[in-house]
**Student:** 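Supplied in structure tokens, the structure appears directly below.
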Amino acid sequence: MNPRAVIYCSKHGSTKQIAKMIADKYNLPLINIMHINGYSFQEVPVIFCGWIKKGKIQGLVKAENLFSCIEIVAVGSMPSNESSRLKLKYENNIDKQIFTYVQSKPYIEPTLKEKIWISLFEPSLQKRIIRKEIKIEHEYTI
């Protein structure tokens with residue numbers, strides 16, 4: 001079965017970039033899953049790209065309810081190895097589809113100079129860094 005579209009769910013844009021590359025390669029339309037409501041296209045085969053949050057591929061459940069996902073691409077910051085791939089397949093109940101994991105840029109710890117700048121000019125970002133250190137996850141971009 002050949003895919004008819006690339007469906008994606010992205011938060012910061014990394015997943016959208018990867019989905020766009022796939023769509024361009026196969027000359028397929030690129031559709032954000034947030035723009036799809038109410039209709040089920042179970043007979044339509046698609047490639048789904050989603051980002052990872054706490055081990056779950058965001059948008060995958062909605063995509064599987066609406067389409068026939070023949071290939072799933074997950075984008076996250078954890079190391080790209082067979083162990084991570086198998087863990088994601090298990091946690092997201094992926095069994096028969098083709099599954100690929102793509103590692104995006106990992107979390108980069110700010111340098112001392114950046115931390116000083118943040119503490120002086122953007123104290124709200126400093127609070128987010130402190131929260132991350134005490135294991136409360138908040139997603140942000142610097």
Side-chain angles (χ1 to χ4, degrees), residues 1-115 117-119 121-142:
M1 242 189 317
N2 291 331
R4 304 269 311 272
V6 176
I7 309 297
Y8 73 93
C9 178
S10 183
K11 184 170 184 177
H12 295 292
S14 299
T15 307
K16 182 179 179 180
Q17 288 177 343
I18 291 168
K20 184 170 177 10
M21 287 189 296
I22 294 169
D24 290 345
K25 180 179 178 181
Y26 295 111
N27 197 23
L28 297 170
L30 181 66
I31 304 167
N32 186 339
I33 196 157
M34 302 309 286
H35 297 150
I36 303 169
N37 269 335
Y39 299 101
S40 180
F41 306 95
Q42 281 297 322
E43 293 80 32
V44 179
V46 299
I47 298 173
F48 175 74
C49 299
W51 60 285
I52 300 167
K53 179 181 177 183
K54 296 182 181 178
K56 296 292 183 185
I57 301 170
Q58 302 301 301
L60 180 60
V61 173
K62 183 176 181 180
E64 287 182 329
N65 287 336
L66 295 175
F67 299 98
S68 173
C69 298
I70 59 170
E71 184 172 347
I72 298 170
V73 178
V75 180
S77 61
M78 61 186 174
S80 180
N81 55 38
E82 189 62 22
S83 171
S84 300
R85 188 176 169 282
L86 291 173
K87 183 177 178 184
L88 283 170
K89 281 185 80 167
Y90 176 76
E91 288 182 358
N92 292 280
N93 298 322
I94 300 170
D95 52 0
K96 297 177 185 170
Q97 301 98 336
I98 298 171
F99 177 71
T100 306
Y101 172 69
V102 178
Q103 181 180 8
S104 64
K105 294 178 184 176
Y107 173 75
I108 300 170
E109 181 68 30
T111 64
L112 179 60
K113 187 176 181 180
E114 290 169 335
K115 285 182 180 179
W117 184 86
I118 290 169
S119 67
F121 300 107
E122 294 292 338
S124 62
L125 291 178
Q126 187 66 31
K127 290 177 185 173
R128 290 180 185 158
I129 290 172
I130 292 168
R131 287 183 190 141
K132 188 156 185 88
E133 290 170 359
I134 59 171
K135 305 294 185 208
I136 298 174
E137 294 186 15
H138 291 274
E139 297 179 16
Y140 66 96
T141 305
I142 294 179

**Student:** Locate the shortest heavy-atom distance separating I52 from A74; write the atom from each residue and the value.
**Tutor:** CD1-CB, 3.8 Å
**Student:** Less than 4.5 Å apart, side chain to side chain, heavy atoms only: is that true for I72 and E64?
**Tutor:** yes
**Student:** Between Y101 (side chain) and M78 (backbone), is there a donor-acceptor pair under 3.5 Å?
**Tutor:** yes
**Student:** Roughly how far, to the nearest 0.5 Å, is the CG atom of N27 from the CD1 atom of I22?
**Tutor:** 14.0 Å
**Student:** Is a side-chain N or O of K56 found less than 3.5 angstrom from the main chain of E91, in a donor-acceptor match?
**Tutor:** yes
**Student:** Check P3 against L28 and note the closest heavy-atom contact, atom names and distance.
**Tutor:** O-CD2, 3.4 Å
**Student:** Where do Y8 and A19 come nearest, in terms of heavy atoms and distance?
**Tutor:** CB-CB, 3.7 Å
**Student:** With rounding to the nearest 0.5 Å, note down the distance linking NZ in K20 to NZ in K16.
**Tutor:** 8.5 Å
**Student:** Would you compute the distance between atom CG of N81 and atom CD of Q103 and round it to the nearest 0.5 angstrom?
**Tutor:** 9.0 Å
**Student:** Within this structure, what is the CD-CZ distance for the pair E43 and R4, rounded to the nearest 0.5 Å?
**Tutor:** 11.0 Å
**Student:** Identify which one of I98, I94, V46 satisfies the side chain to side chain contact (heavy atoms under 4.5 Å, CB included) criterion when paired with C69.
**Tutor:** V46
**Student:** Take atom NZ in K89; do more than 12 heavy atoms of anything else shown fall under 6.0 Å from it?
**Tutor:** yes
**Student:** Yes or no on side chain to side chain contact (heavy atoms under 4.5 Å, CB included) for F99 and I57, after CA distance, side-chain angles and deciding distance?
**Tutor:** CA-CA 12 Å; F99 177 71; I57 301 170; 3.7 Å; yes
**Student:** Using a 3.5 Å distance criterion without hydrogens, assess whether the side chain of K62 forms a donor-acceptor pair with backbone atoms of I36.
**Tutor:** yes
**Student:** What pair of heavy atoms forms the shortest contact from G55 to L88, and how long is it?
**Tutor:** O-CD2, 3.7 Å
**Student:** Closest heavy-atom contact between A5 and I31?
**Tutor:** CB-CD1, 4.2 Å
**Student:** So for atom CZ, which belongs to R85, do other residues, nucleotides or ligands contribute more than 12 heavy atoms lying within a distance under 6.0 Å?
**Tutor:** yes
**Student:** Can you tell me how far CD1 of I70 sits from CD1 of I47, rounded to the nearest 0.5 angstrom?
**Tutor:** 6.0 Å
**Student:** Say whether, by atom type as modelled, one donor and one acceptor occur between the side chain of N32 and the main chain of H35 under 3.5 angstrom.
**Tutor:** no
**Student:** Return the minimal non-hydrogen interatomic distance between G59 and F48, and the atom names on each side.
**Tutor:** C-CZ, 3.4 Å
**Student:** Mind checking the CH2-OG spacing from W51 to S10? Nearest 0.5 Å is all I need.
**Tutor:** 9.0 Å
